[in-house]
Amino acid sequence: SSGIGFAIPVDTIKKIAPQIIKYGRVIRPDLGLTYLPDSYTRRLGIQGVVIYEVPAGSEAYKKGVRGLTRGRFGRILIQDIIKEVDGKKVNSFDDLYNLLDNYKIGDTITLTLERNGQKRKIQLTLVQSDWGSTDFVGSNFIIFLPESQSGYLAAVIQVKFDAEKRIHREKYGLGFN
(Lines give C-alpha, C1' and ligand atoms only; values in the text may rest on other atoms or scores of the structure.)
Protein backbone atom coordinates (compact mmCIF):
# COMPACT_ATOMS: atom_id res chain seq x y z
CA SER A 1 0.00 0.00 0.00
CA SER A 2 1.29 3.44 -0.91
CA GLY A 3 -0.84 5.21 1.70
CA ILE A 4 -2.78 7.30 -0.81
CA GLY A 5 -6.41 8.09 0.00
CA PHE A 6 -9.20 9.81 -1.85
CA ALA A 7 -12.83 10.71 -1.26
CA ILE A 8 -15.76 9.98 -3.57
CA PRO A 9 -19.21 11.55 -3.07
CA VAL A 10 -21.80 9.03 -1.87
CA ASP A 11 -24.11 9.89 -4.83
CA THR A 12 -21.31 8.85 -7.18
CA ILE A 13 -20.83 5.58 -5.28
CA LYS A 14 -24.55 4.82 -5.47
CA LYS A 15 -24.41 5.37 -9.22
CA ILE A 16 -21.21 3.53 -10.13
CA ALA A 17 -21.07 0.62 -7.65
CA PRO A 18 -23.96 -1.31 -9.29
CA GLN A 19 -22.36 -0.77 -12.72
CA ILE A 20 -18.99 -2.06 -11.54
CA ILE A 21 -20.69 -5.08 -10.01
CA LYS A 22 -22.83 -5.79 -13.07
CA TYR A 23 -20.42 -4.97 -15.93
CA GLY A 24 -17.00 -4.85 -14.28
CA ARG A 25 -16.61 -1.20 -15.34
CA VAL A 26 -18.44 2.12 -15.31
CA ILE A 27 -20.80 2.72 -18.23
CA ARG A 28 -21.33 6.40 -19.01
CA PRO A 29 -23.41 8.28 -21.57
CA ASP A 30 -21.49 10.40 -24.07
CA LEU A 31 -21.91 12.30 -27.31
CA GLY A 32 -19.36 10.11 -29.13
CA LEU A 33 -17.11 13.11 -29.80
CA THR A 34 -13.64 14.11 -28.66
CA TYR A 35 -13.03 17.47 -27.03
CA LEU A 36 -10.21 19.97 -26.87
CA PRO A 37 -8.74 19.99 -23.33
CA ASP A 38 -10.02 22.83 -21.13
CA SER A 39 -6.48 24.18 -20.67
CA TYR A 40 -6.38 25.18 -24.37
CA THR A 41 -9.96 26.45 -24.34
CA ARG A 42 -9.26 28.70 -21.34
CA ARG A 43 -6.07 30.01 -22.95
CA LEU A 44 -8.13 31.04 -25.97
CA GLY A 45 -10.73 32.71 -23.73
CA ILE A 46 -13.53 30.45 -24.94
CA GLN A 47 -16.54 29.62 -22.77
CA GLY A 48 -17.83 26.14 -23.61
CA VAL A 49 -16.38 22.88 -24.85
CA VAL A 50 -14.54 22.95 -28.16
CA ILE A 51 -15.19 19.86 -30.25
CA TYR A 52 -11.87 18.39 -31.34
CA GLU A 53 -13.09 15.58 -33.59
CA VAL A 54 -16.36 14.13 -34.87
CA PRO A 55 -16.23 10.53 -36.16
CA ALA A 56 -17.26 10.33 -39.82
CA GLY A 57 -20.59 8.57 -40.18
CA SER A 58 -21.70 9.31 -36.61
CA GLU A 59 -25.09 10.88 -35.87
CA ALA A 60 -23.34 14.15 -34.95
CA TYR A 61 -21.40 14.14 -38.24
CA LYS A 62 -24.59 13.54 -40.22
CA LYS A 63 -26.17 16.53 -38.44
CA GLY A 64 -23.28 18.81 -39.45
CA VAL A 65 -21.28 18.88 -36.19
CA ARG A 66 -17.61 19.47 -36.92
CA GLY A 67 -14.40 19.50 -34.93
CA LEU A 68 -11.13 21.31 -35.54
CA THR A 69 -10.08 21.73 -39.18
CA ARG A 70 -7.17 23.30 -41.04
CA GLY A 71 -7.58 26.44 -43.12
CA ARG A 72 -6.01 27.10 -46.53
CA PHE A 73 -2.73 28.18 -44.98
CA GLY A 74 -2.52 25.39 -42.41
CA ARG A 75 -3.98 27.29 -39.45
CA ILE A 76 -6.13 25.24 -37.08
CA LEU A 77 -9.71 26.50 -37.13
CA ILE A 78 -12.28 25.96 -34.40
CA GLN A 79 -15.64 24.83 -35.75
CA ASP A 80 -18.28 23.87 -33.16
CA ILE A 81 -18.32 24.81 -29.47
CA ILE A 82 -20.82 23.20 -27.09
CA LYS A 83 -22.54 26.01 -25.18
CA GLU A 84 -25.57 24.28 -23.61
CA VAL A 85 -27.11 20.87 -22.95
CA ASP A 86 -30.91 20.98 -22.74
CA GLY A 87 -30.75 24.69 -21.93
CA LYS A 88 -28.16 24.32 -19.16
CA LYS A 89 -24.97 26.34 -19.68
CA VAL A 90 -21.70 24.50 -20.39
CA ASN A 91 -18.49 26.41 -19.58
CA SER A 92 -16.04 23.50 -19.37
CA PHE A 93 -15.62 19.78 -19.92
CA ASP A 94 -16.48 19.22 -16.24
CA ASP A 95 -19.82 20.97 -16.78
CA LEU A 96 -20.53 18.79 -19.82
CA TYR A 97 -19.47 15.61 -18.01
CA ASN A 98 -21.62 16.40 -14.97
CA LEU A 99 -24.66 17.25 -17.10
CA LEU A 100 -24.37 14.08 -19.21
CA ASP A 101 -24.07 12.03 -16.03
CA ASN A 102 -27.76 12.81 -15.37
CA TYR A 103 -28.84 10.97 -18.53
CA LYS A 104 -28.83 7.39 -19.76
CA ILE A 105 -27.41 5.87 -22.91
CA GLY A 106 -30.09 6.20 -25.60
CA ASP A 107 -31.57 9.45 -24.21
CA THR A 108 -31.95 12.31 -26.69
CA ILE A 109 -30.60 15.71 -25.67
CA THR A 110 -30.63 19.14 -27.28
CA LEU A 111 -27.19 20.67 -27.77
CA THR A 112 -26.66 24.37 -28.36
CA LEU A 113 -23.60 24.78 -30.55
CA GLU A 114 -21.77 27.92 -31.62
CA ARG A 115 -19.81 28.26 -34.85
CA ASN A 116 -18.41 31.57 -36.10
CA GLY A 117 -20.56 33.48 -33.61
CA GLN A 118 -23.79 31.80 -34.77
CA LYS A 119 -25.73 29.55 -32.38
CA ARG A 120 -27.82 26.58 -33.44
CA LYS A 121 -29.55 23.70 -31.70
CA ILE A 122 -29.41 20.04 -32.65
CA GLN A 123 -30.70 16.88 -31.05
CA LEU A 124 -28.34 13.95 -30.45
CA THR A 125 -28.81 10.51 -28.96
CA LEU A 126 -26.35 9.64 -26.18
CA VAL A 127 -24.07 6.67 -26.79
CA GLN A 128 -21.87 4.59 -24.51
CA SER A 129 -18.66 6.36 -23.64
CA ASP A 130 -15.39 4.84 -24.79
CA TRP A 131 -13.23 7.02 -22.53
CA GLY A 132 -12.72 6.18 -18.90
CA SER A 133 -13.88 2.61 -19.44
CA THR A 134 -11.27 1.07 -17.19
CA ASP A 135 -11.94 -2.58 -16.47
CA PHE A 136 -12.38 -3.02 -12.71
CA VAL A 137 -13.03 -6.78 -12.73
CA GLY A 138 -11.26 -8.55 -9.90
CA SER A 139 -10.44 -5.27 -8.19
CA ASN A 140 -11.05 -4.28 -4.60
CA PHE A 141 -12.19 -0.78 -3.77
CA ILE A 142 -12.09 0.77 -0.34
CA ILE A 143 -14.31 3.81 -0.23
CA PHE A 144 -14.52 6.06 2.81
CA LEU A 145 -17.85 7.83 3.21
CA PRO A 146 -18.19 10.64 5.79
CA GLU A 147 -20.41 9.25 8.56
CA SER A 148 -19.88 11.64 11.43
CA GLN A 149 -17.29 13.92 12.96
CA SER A 150 -15.70 10.99 14.76
CA GLY A 151 -15.23 8.50 11.96
CA TYR A 152 -15.76 7.36 8.42
CA LEU A 153 -17.89 4.56 7.08
CA ALA A 154 -15.67 2.32 4.98
CA ALA A 155 -17.34 0.42 2.18
CA VAL A 156 -15.35 -2.32 0.53
CA ILE A 157 -16.59 -3.51 -2.82
CA GLN A 158 -15.10 -6.62 -4.30
CA VAL A 159 -16.05 -7.41 -7.88
CA LYS A 160 -15.80 -10.91 -9.27
CA PHE A 161 -16.80 -11.74 -12.81
CA ASP A 162 -16.94 -15.03 -14.67
CA ALA A 163 -16.90 -13.99 -18.32
CA GLU A 164 -17.74 -17.44 -19.62
CA LYS A 165 -20.93 -17.89 -17.61
CA ARG A 166 -21.59 -14.15 -17.21
CA ILE A 167 -22.05 -14.64 -13.46
CA HIS A 168 -21.67 -11.62 -11.24
CA ARG A 169 -21.01 -11.85 -7.54
CA GLU A 170 -20.49 -9.01 -5.16
CA LYS A 171 -19.35 -8.81 -1.61
CA TYR A 172 -19.86 -5.79 0.61
CA GLY A 173 -18.07 -5.10 3.83
CA LEU A 174 -18.97 -2.20 6.07
CA GLY A 175 -17.05 -0.98 9.09
CA PHE A 176 -15.87 2.06 10.98
CA ASN A 177 -12.32 3.41 11.10
Side-chain angles (χ1 to χ4, degrees), residues 4-23 25-136 141 143-146 152 155 157:
I4 297 174
F6 59 93
I8 300 173
V10 71
D11 291 342
T12 302
I13 297 302
K14 287 179 181 177
K15 211 178 264 188
I16 68 170
Q19 292 179 20
I20 293 171
I21 290 164
K22 186 172 183 180
Y23 305 111
R25 61 191 175 102
V26 178
I27 308 292
R28 295 195 184 280
D30 191 35
L31 298 168
L33 311 169
T34 54
Y35 314 101
L36 190 67
D38 282 342
S39 57
Y40 294 110
T41 305
R42 281 192 305 273
R43 245 185 263 160
L44 296 168
I46 295 172
Q47 293 287 319
V49 175
V50 175
I51 298 173
Y52 180 77
E53 186 177 28
V54 181
S58 67
E59 179 188 13
Y61 190 86
K62 291 174 186 171
K63 292 189 176 183
V65 179
R66 296 296 180 263
L68 300 180
T69 61
R70 289 209 179 261
R72 287 187 347 200
F73 301 108
R75 288 184 62 185
I76 295 174
L77 304 174
I78 294 173
Q79 295 292 306
D80 288 321
I81 303 168
I82 299 171
K83 301 299 263 182
E84 295 178 357
V85 172
D86 284 339
K88 295 176 183 89
K89 195 168 183 168
V90 174
N91 290 316
S92 65
F93 176 75
D94 284 343
D95 291 346
L96 177 64
Y97 178 86
N98 288 327
L99 285 170
L100 293 181
D101 211 27
N102 295 314
Y103 297 90
K104 296 182 190 118
I105 296 164
D107 286 351
T108 300
I109 61 164
T110 300
L111 276 185
T112 302
L113 302 173
E114 183 179 298
R115 184 187 301 171
N116 298 325
Q118 301 292 315
K119 288 188 178 181
R120 68 186 177 109
K121 293 180 186 239
I122 62 162
Q123 289 193 327
L124 288 180
T125 304
L126 296 175
V127 297
Q128 182 175 321
S129 173
D130 288 332
W131 53 268
S133 60
T134 305
D135 193 348
F136 295 115
F141 297 89
I143 303 156
F144 295 97
L145 310 172
Y152 290 89
I157 302 171

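Only this structure's heavy atoms are used, side chains among them; waters, hydrogens and symmetry mates stay out.
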Can you check whether L113 reaches I122 side chain to side chain, under 4.5 Å on heavy atoms? yes

side-chain contact (heavy atoms from CB on, under 4.5 Å) evaluation trace for T110 with V85: CA-CA 6 Å; T110 300; V85 172; over 6 Å; no

First locate atom NZ of K121, then atom OG1 of T112, and finally report the distance between them rounded to the nearest 0.5 Å. 4.0 Å

Contact check, side chains of L100 and L126, non-hydrogen atoms, under 4.5 Å: yes

Just how far is it from atom OG of S92 to atom CZ of R42, taken to the nearest 0.5 Å? 8.0 Å

Looking at CG of D38 and CZ of R43, how far apart are the two atoms once the value is rounded to the nearest 0.5 Å? 11.5 Å

Within the distance-only criterion (no hydrogens, no angle test), does the side chain of D30 pair as donor or acceptor with the backbone N or O of Q128 below 3.5 angstrom? no

Walk me through whether L36 and I51 qualify under side-chain contact (heavy atoms from CB on, under 4.5 Å). CA-CA 6 Å; L36 190 67; I51 298 173; over 6 Å; no

From L96 atom CG to K88 atom NZ, the distance as rounded to the nearest 0.5 Å: 12.5 Å

Please list, chain by chain and in numerical order, all residues satisfying salt bridge (charged side-chain N to carboxylate O under 4.0 Å, His left out) with R66, sequence neighbours excluded. none

Which pairs count as side-chain hydrogen bond (donor to acceptor under 3.5 Å, both in side chains) when at least one residue sits in residues 67-77, sequence neighbours excluded? T69-Q79

Please enumerate all residues that pass salt bridge (charged side-chain N to carboxylate O under 4.0 Å, His left out) together with E59, with sequence neighbours excluded. K63

Report the distance from atom OG of S58 to atom CG of L124, rounding to the nearest 0.5 Å. 8.0 Å

About how many Å separate CG of N102 and NZ of K104, when rounded to the nearest 0.5 Å? 11.0 Å

Shortest non-hydrogen contact between A60 and L33, atoms and distance: CB-CD2, 3.7 Å

Short question: side chain of D107, backbone of Y103 - any donor-acceptor pair under 3.5 Å? no

Test item: D86 and Q123 side chains (from C-beta on) under 4.5 Å apart, heavy atoms: no

T41 side chain to I46 main-chain N or O, any donor-acceptor pair under 3.5 Å? no

Strictly under 6.0 Å, is that where the ring centroids of Y52 and Y35 end up? no

In the structure I gave you, are the side-chain heavy atoms of K83 and K89 within less than 4.5 Å of one another anywhere? no

Could you check V65 against V54 for side-chain contact (heavy atoms from CB on, under 4.5 Å), going step by step and ending with a plain yes or no? CA-CA 7 Å; V65 179; V54 181; 3.8 Å; yes

Answer yes when R28 and D101 have at least one side-chain N-carboxylate O distance shorter than 4.0 Å, and no when they do not. yes

